[in-house]
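What follows is a single structure, written as C-alpha cells, with notes after it.
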Amino acid sequence: MTEEGSLPERRLRALRSAVVAEVADVNRLLSHVLRGGVLTSAVLVLLALAWAASSGAALPSAPVPLRDLGRELADMTPAGLLVLGLLVLILTPVARVALSVAYFAREKDLTYVLITAVVLANLLLGLTLGLA
Amino acid sequence: MDPGSARSGLDRQGPYPPPPSHLALTAGVELLALAGVSFLAGVAGSFLGIGGGIFLVPFLTLALHLDPRVAVATSLVGVIATSSGAASVYVRDRLTNLRLGMFLEVATTIGAILGALVAIYIDPRALFLVFAVVVLSAAAYMARTGETARDRAYQGATARAAESLRLDSLYFDPEDRGVYRYRVARPVAGFAASAFAGGLSGLLGVGGGFVKVPVMNVLMRVPLKAAIATSNFMIGVTAAASAFLYYAHGFLDPVLAAVVVLGVLGGTVAGTRLMVRTRSQRIRLAFAAVLVVLGVLMGLRAFGVAVVP
C-alpha cells in the first residue's frame, strides 16, 4: 500500500512523474475521457438499481430500443436510466476514438489524424453492416 | 424455478421481447454470484490485457443457462468495462503505448469487418485449429523465455515504419523502479498479425487480446506490461461496435449487464494495481497458463467437442 512520504514512495512518484511529463499530453485527455465515461456509467447504473429496488419498479430483461429511450428518460423511469448508463459505457471507446481524431487535428499531426479517422470509419462501417 | 433457465427460454426472435424481470429474491443468489465472477473477470482481464470474456461467457451459459447470444452481449459489455476501466489507469500512468495502440486498431477493426464478411465461406473448425496452434505456440514461447531488463529496453535497429509513426516509447516499471525506453520491432508484421487477430475474434467470438498481447510482446518486442496495457486500451473499441449491435438486436439484458459492469469495474481497480506491482515473469507464466487452457478448448472444438456452447 502507498505510504505517504516514505522515501522509496517519493522516489517512485518522482520517477513516474518524470515519465508522465515526457510523453505527449493526449494521454491526459484520453484517461479523463475513459475515466469520465466509466464513472458516469457506474453512477447511472447504481442510481437506477437503487431506485428500482426502493420503488419496486420492474426492470426490463431486454434493452429499451433507442427510439423509446427518450420517452423513458422523459418519464423518469429506472429502466431508462439503467439503459442510458449502459449506453454511456458502450459509447465511451467510440468517443475516445472520435476525440483522438480531434486532438491530432488540433496538433496538426496528419498521420495520426488519418490513422484515428480510419479506425472511426471502420467502426461506423462495421455498425452499418451489422445493422443492415 | 430457476430464473436463469426461464430467461434462456424466452423467445428472443422478436425485436424487443417485452417480459419484465424483477429483482426477485430467487434471482438474488444468481446475481450475487454473477457480481463475484464479474469482479474476478475484471481482475484477470485487466491483469492480463484480455478483456475477461473467457471467464464471463462460460459462467453465463453453463451456470446461469443463458442463451449464448445473451451471454455474449452481456460479456461484451463486461469487456468494455474492463477495457475502459483499466485503460483509464494505464493511460494515466503512461504504461499504454497510445500510438502503437491506435496504429494496430486500424488493423484489428479492418480484420473484424473482413472476418464478419467472410464468415459464411469459412469452415470454423479449421479456424479453431489455427487459433489453437497460434495460441499454444505463443504459450510455449512465453513460458520458455523470460524478460530481462535488457529485453524491456529493446534498442534494436529502428524499422522505417516505426520511426515515421513514432511508435517508440518509454514507460516506468514499479517492479524494479526502472524507466525503460524501448523500440518497436517489426511494425508491418505486427500490423498483419493484428489484422489476423481482429478477423479471428470476429469469426470465433474470442477476444483478440489473446493474440494481441503475444503479437506485441513476442513479435514487436514491446515490454510485457506495456503490451498488456496497450491491449487493454485496444479491445474496448471492437467490443463497443459488437456490443452496440447486440443492443440494437435486443440481446442485451440490462439487469445482468448492470451487475456485470459494477462487478468488473471493481475488479479492474484491483487488477490494475496488482499488475503494475507484479513481476513480469509471473504475469508471463499466468498468461501462458490461460493461453494453454484456451488453446486446448479451441483445439477440442476443432474436433467437434464444445465444452462451452
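Worth knowing before you read on, the calculation uses all heavy atoms, side chains too, and leaves out hydrogens, waters and symmetry mates. Throughout, protein chains are lettered first and strands after them, A, B, ... in sequence-line order, and every chain is numbered starting at 1.
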Note to self: Given heavy-atom pairs under 4.5 angstrom as the criterion, report whether the side chain, backbone, both or neither of A/Ile115 touches chain B.
What the structure shows: both
Next item on the list: May I ask you to test the A/Val38-B/Thr268 pair for a side-chain heavy-atom distance under 4.5 Å?
Entry: no
Item checked: B/Ser88 side, atom OG; A/His32 side, atom NE2 - distance, nearest 0.5 Å -> 11.0 Å
Notebook entry, point to check: For the residue pair B/Ala248 and A/Leu131, what are the closest heavy atoms and their distance?
Noted result: CB-CD2, 3.6 Å
Check: Does some side-chain heavy atom of B/Pro254 sit less than 4.5 Å from a side-chain heavy atom of A/Leu86?
Finding: yes
Next item on the list: Pick one of side chain, backbone, both or neither for A/Leu87, based on which atoms fall under 4.5 Å of a heavy atom in chain B.
Entry: side chain
Next item on the list: Between chain A and each of B/Ile110, B/Val259, B/Leu117, count heavy-atom pairs under 4.5 Å; write down the option with the most.
Entry: B/Ile110
Checklist line | Contacting moiety of B/Val261, where chain A heavy atoms sit under 4.5 Å | finding: side chain
Notebook entry, point to check: Using non-hydrogen atoms only, which part of A/Leu89 is less than 4.5 Å away from chain B: side chain, backbone, both, or neither?
Noted result: both
Next item on the list: Indicate the atoms forming the closest heavy-atom contact of B/Tyr247 with A/Val83, along with that distance.
Entry: OH-CG1, 3.5 Å
Margin query: Please classify the contact of B/Phe233 with chain A as side chain, backbone, both or neither, using a heavy-atom distance under 4.5 Å.
Written below: both
Notebook entry, point to check: Out of A/Val101, A/Val119, A/Thr116, which one pairs with B/Met102 under the side chain to side chain contact (heavy atoms under 4.5 Å, CB included) rule?
Noted result: A/Thr116
Next item on the list: Identify the residue among A/Val94, A/Leu123, A/Ile90 that makes a side chain to side chain contact (heavy atoms under 4.5 Å, CB included) with B/Phe244.
Entry: A/Ile90
Notebook entry, point to check: Do you know which two heavy atoms are closest between A/Gly126 and B/Ile113, and how far apart they sit?
Noted result: N-CD1, 3.9 Å
Notebook entry, point to check: Side chain, backbone, both or neither: which part of B/Leu165 has a non-hydrogen atom closer than 4.5 Å to chain A?
Noted result: both
Next item on the list: Grab the two heavy atoms, one from A/Arg28 and one from B/Arg94, that are nearest each other, plus how far apart they are.
Entry: N-NH2, 4.0 Å
Next item on the list: Mind checking the CG-CG spacing from B/Leu262 to A/Leu46? Nearest 0.5 Å is all I need.
Entry: 4.5 Å
Note to self: If I take atom CZ from residue B/Arg166 and atom CG from residue A/Asp109, how far apart are they, to the nearest 0.5 angstrom?
What the structure shows: 4.5 Å
Note to self: Taking CD in B/Glu163 as the centre, count heavy atoms belonging to other residues, nucleotides or ligands within less than 6.0 Å. Is the count above 12?
What the structure shows: no
Item checked: Heavy-atom check, side chain of A/Val26 versus side chain of B/Arg99, under 4.5 Å -> no
Next item on the list: Using non-hydrogen atoms and a 4.5 Å limit, figure out which bit of B/Leu265 sits close to chain A: side chain, backbone, both or neither.
Entry: side chain
